[in-house]
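This report concerns only the one structure given below.
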Amino acid sequence: MTTTDHDTPHHAAARDAAALRSSAQDVTARDRAQQAAGFSPYYLFRRGTLGLPALEGLAPSRTWPLLAEAERARARREELRDRLEDALYEAVPALATEERHEILGLRRAIHNDRLPDAPDAVRLLEDEPRELLEAWLRHRADGTRLMREAEAALAAELDAGRRVLADTAHQEDFQRGLQLSDERTWRTVLDYAADPFSPRRKPSRRRRVENTLTSFAYRVVFKPSPFASFTEIGAAPWQPGTTEHQPEPAPKGRPVQARLSAGLLSWMAYELHRLDRADELMRIRLNNSLTARGDRVFCVQRAPDGAEEAAYGTSRVVSARDTALLHLLRQLLADGERPERYVRDRLVAAGLAPQAAAKALDQLVRAGICHRGLGLPDQHPRPAQAIAQRLRGLGTDQAGGCAVVFERLQAIEDGFSAATARRRAALLAEVREQVDAFVAAVGCRAPAPEAMRSTLYEDVGTREPARTWQPALLEENRWALELFQRVVPVLDDASIEKAGLYAFFTGRYGEPAADVPFTEFYRAFSELSPAEASAVAGGLGDPHCDDIRRLRREFADLLRTELRTGPRTELRLDPDRLRAFADRLPPALAPWRSAAYRVQFAADPGRRIAVVNGVTTGHGVFFSRFCELLEPDRPDTWSLTEALRDRIAETTPRQCDITAVLGLNFNLHPRLSPYELVYPGSVPHTAADRDHTLTLADLVVRPDPARRVLTLVSVRDGQPLDLVPLNFLYPAAAPALYRLLCAFAPTRTYRGGLWDQLDRADALAGRAAGHTGAPTAERTRPRVLLGDMVLDRASWRCPTDAVPAGEGLERQEAGALAAFDRWRRDRGIPRHTFFRITAAPAVAPGEHDLLAETRRWALEARTARLHKPHYLDARNPFLLQILARQLAEAGDGATVTFHECLPHAEDYDGRDGRPTGAEEFFVELTLGPSAADAAPHTRGDDDVND
């Protein structure tokens with residue numbers, strides 16, 4: 001085998017040896033993979049801490065029957081109107097001129113459904129038109145009376161609803177969640193709850209508070225997400241093949257975990273370099289990506305966590321001459337970090353002047369060749385306490401004052417979970433006071449206001465069992481998920497990104513190409529302009545990426561074919577047709593081996609169904625965050641942490657995590673994967689296994705021609721690594737280096753449901769035909785099922801400006817409520833739905849702009865609650881007020897989509913032991929080598945499109 005600058009004899013030998021081992025282990029690996037196939041032996045669930053019955057008083061009970069009666073009176077008038085107008089028209093010729101004007105005015109009033117200005121015109125009419133007019137006037141009077149009664153009832157029931165909102169705001173769990181979402185909002189809501197009818201509050205301000213309160217409340221009920229005490233998280237074992245799990249009696253209480261902001265603590269730790277005698281506190285360590293090639297050294301420079309420049313995610317490859325100073329430094333730090341003063345003293349002993357030694361160290365840190373910091377592990381469970389201990393060891397008054405700050409912060413973290421919302425307000429205020437004290441002691445600038453918005457995070461667990469768990473239904477439909485999992489790569493945007501990177505790699509290094517050090521590959525990619533990088537990620541000009549786009553069009557055509565069979569409320573996908581499509585997929589579009597499904601269970605007349613809310617990365621990713629929260633009280637009980645470790649080792653023995661937290665609390669978790677990649681500037685777990693802890697210097701990039709993807713390979717043993725970052729970080733929001741690493745990992749970029757996929761395909765086709773802008777036509781789509789798995793809900797879409805939701809609906813006027821209800825019933829939209837408003841796309845479908853995507857993610861993350869689907873009861877004025885406000889704020893070309901509420905709202909009444917709020921489950925499915933044959937063939941016409 002020939003070698004290149006990127007393929008050293010050592011690397012080549014390791015690769016040859018690995019190939020021999022791999023060949024000998026193929027059969028064993030396949031057997032092991034087949035045995036590991038199926039559902040993971042655990043599941044996670046989350047449910048809201050507020051039940052729907054608590055909000056029952058928000059939907060009026062007396063108003064709507066009156067509005068229905070008024071609607072019937074209006075319909076009776078409508079039935080009479082045409083006959084009456086014709087009769088009046090025929091009466092005109094027989095009348096005198098003045099009388100004609102009266103009758104014509106009467107006819108216009110009736111046509112416009114308003115009372116005539118001259119009601120005594122009845123005297124001019126003969127018997128039949130007179131009787132018709134009297135009947136019309138009678139129904140008009142009935143309608144007016146009923147609307148007045150409805151308006152009076154509505155006013156009373158709105159006031160009753162405001163008392164319900166006030167009661168909701170007083171609930172402790174709700175207050176705690178709202179408080180951590182935004183303290184200012186919490187105080188505003190508390191002020192409202194103290195007196196919902198305060199005359200000092202402007203109507204517009206009252207509506208804003210009610211919108212906020214209502215939106216949060218219904219989201220807790222219907223869309224539980226892991227946020228503070230709005231939601232409780234549970235997990236339990238589930239052995240594949242079982243149909244039920246009988247949990248042990250749950251202990252009282254629930255686990256709660258509060259943590260200080262990792263980003264805030266990183267900033268404070270970084271600013272400690274300003275202290276007197278900081279060189280005794282700070283450690284110097286080599287950049288773990290540092291490699292020497294010839295007379296040069298290379299590494300990936302990364303700003304330290306907490307530094308202002310770190311927020312911009314700048315990471316670049318730096319090169320320097322391998323001088324005697326660097327040789328000495330590598331010797332000093334070969335065994336790990338050293339105190340900065342120790343390193344400087346060794347440089348002085350080697351012949352540098354003290355000032356030159358200090359300057360040299362500063363330059364090396366700025367260049368990224370060395371890192372300066374406290375050296376605490378990124379995943380340290382109690383960083384504030386560890387920092388305080390380090391400061392106490394320094395022994396100065398200044399350091400002691402800072403130690404008091406960190407000790408107090410640790411005490412706040414420890415006591416936060418047990419504190420009431422009122423007490424928490426004082427604790428949150430004290431966090432701000434301690435930060436102010438730190439700024440004064442250190443002499444640095446205060447943190448940005450954005451950094452102080454969320455200074456503490458909380459997760460709440462439960463040891464109570466799930467109430468709606470139906471494992472048998474999932475086992476019966478495992479074939480459907482396995483079949484769908486084979487198709488998902490076609491719809492996954494990352495399939496194109498991975499193929500685009502492969503094309504970039506082979507275009508630069510040749511095909512077949514030798515292994516290339518990862519730092520060299522990153523340097524080449526980072527030198528691309530934003531437009532060039534976007535073109536690579538979008539696979540522009542790559543025939544294989546064009547094939548993926550063609551397959552997407554074929555899949556869209558498959559859906560259209562199913563739709564053409566006629567209108568329906570439900571569409572059952574033909575498994576044989578879907579399997580045939582999957583069988584045609586090239587090897588380069590391999591199925592996701594491990595996927596996590598977010599599911600809910602629902603009941604339709606005569607059957608049970610499972611609703612797939614989302615498909616995302618498996619491999620334990622979305623379970624890792626809650627391991628420490630759900631750690632058992634007793635060592636002899638089931639542990640999610642141990643279950644995850646065992647499952648990962650069984651299914652993916654080469655799985656490799658990334659240590660970096662990047663100042664984000666949702667990236668904190670125990671070590672679960674067999675291998676760990678230490679991100680530049682990061683510090684691994686305290687008890688890190690050195691044999692299984694790697695750095696970028698240990699990695700090369702190897703092309704895989706069969707799958708047309710790039711793989712990361714460890715130079716230590718020549719074997720590929722399965723990089724799976726265990727975090728909740730959306731790659732578009734990550735630094736460039738982290739994002740590139742994620743391109744080697746299983747992805748989670750399957751976006752939306754099947755109808756969203758079809759809409760994107762239609763938008764691309766429209767753009768190809770010269771059409772631009774957002775879809776504006778109204779359309780209705782049925783529910784989509786594969787087996788008993790709902791892959792997409794029924795939906796109704798229309799332009800936002802077509803919805804009758806003006807100021808009257810926002811002001812909760814009875815007539816506007818009735819008009820909207822009539823509009824949605826005319827279109828067959830159910831009473832209970834979720835709505836989502838979609839703005840006209842800023843970037844054309846199919847185009848890729850990495851910078852724009854990152855900016856858009858950052859902006860939307862700040863108002864994520866507003867961009868997610870909102871529950872809507874079309875008989876609830878408070879929810880309709882939210883809809884009206886969002887429609888008013890929608891821009892030109894925006895659309896609104898209503899999705900059916902599934903599970904049904906009626907299932908949450910709490911009667912007969914039924915739940916009072918939504919539960920959502922995470923389950924993981926691992927495919928075996930024979931998954932392609934797993935789906936049953938159809939047995940007859942009953943299985944196809946019934």
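Because the structure is a prediction, the values reported are computed rather than measured.
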Any side-chain donor paired with an acceptor under 3.5 Å for H669 and N727? no
For F406 together with F438, are the ring centres under 6.0 Å from each other? yes
Distance alone, cut at 3.5 Å: any donor-acceptor contact between the side chains of Q410 and E413? yes
Does any donor atom in the side chain of R647 or Y42 lie under 3.5 Å from an acceptor atom in the other side chain? no
Looking at Y457, is its backbone amide N or carbonyl O close enough to the side chain of R259 to form a donor-acceptor pair, meaning the two atoms are under 3.5 Å apart? no
Between K359 and Q355, is there a side-chain heavy-atom distance shorter than 4.5 Å? no
Side-chain touch T455/L428, heavy atoms, less than 4.5 angstrom: yes
Distance only, no hydrogens: is a donor on one side chain within 3.5 Å (strictly under) of an acceptor on the other, for H685 and E676? yes
Does the side chain of L281 come within less than 4.5 Å of L275's, by heavy atoms? yes
Does any donor atom in the side chain of T693 or R671 lie under 3.5 Å from an acceptor atom in the other side chain? yes
Check: S266 side chain, D305 main-chain N or O, donor-acceptor pair, under 3.5 Å: no
Taking the inter-plane angle between the rings of F518 and Y522 on a 0 to 90° scale, is it parallel (under 30°), tilted (30 to 60°) or perpendicular (over 60°)? parallel
Report yes or no: do Q257 and S417 form a side-chain donor-acceptor pair below 3.5 Å? no
Applying side chain to side chain contact (heavy atoms under 4.5 Å, CB included), name anything that partners Q434, two or more places apart in sequence or on another chain. V405, R408, L409, E430
Would you call W638 and L640 a side-chain contact if the rule is heavy atoms closer than 4.5 Å? yes
For R296 and S319, which I'm curious about, is there any donor-acceptor pair between the side chains at under 3.5 Å? yes
Side-chain donor/acceptor of Q379 to backbone N/O of V661, under 3.5 Å: no
Indicate yes or no: at least one non-hydrogen side-chain atom of L376 is less than 4.5 angstrom from one of R390. yes
Identify whether NZ of Lys or CZ of Arg in R523 sits under 6.0 Å from the centre of the six-membered ring of F298 and within 45° of that ring's axis. no
So, R254 versus T462: side-chain donor-acceptor pair below 3.5 Å or not? no
Taking F227's backbone N and O only, do any of them form a donor-acceptor pair with S225's side chain (distance below 3.5 Å, no angle check)? no
Can you see whether D698 engages S714 through a side-chain donor-acceptor pair at a distance of less than 3.5 angstrom? no
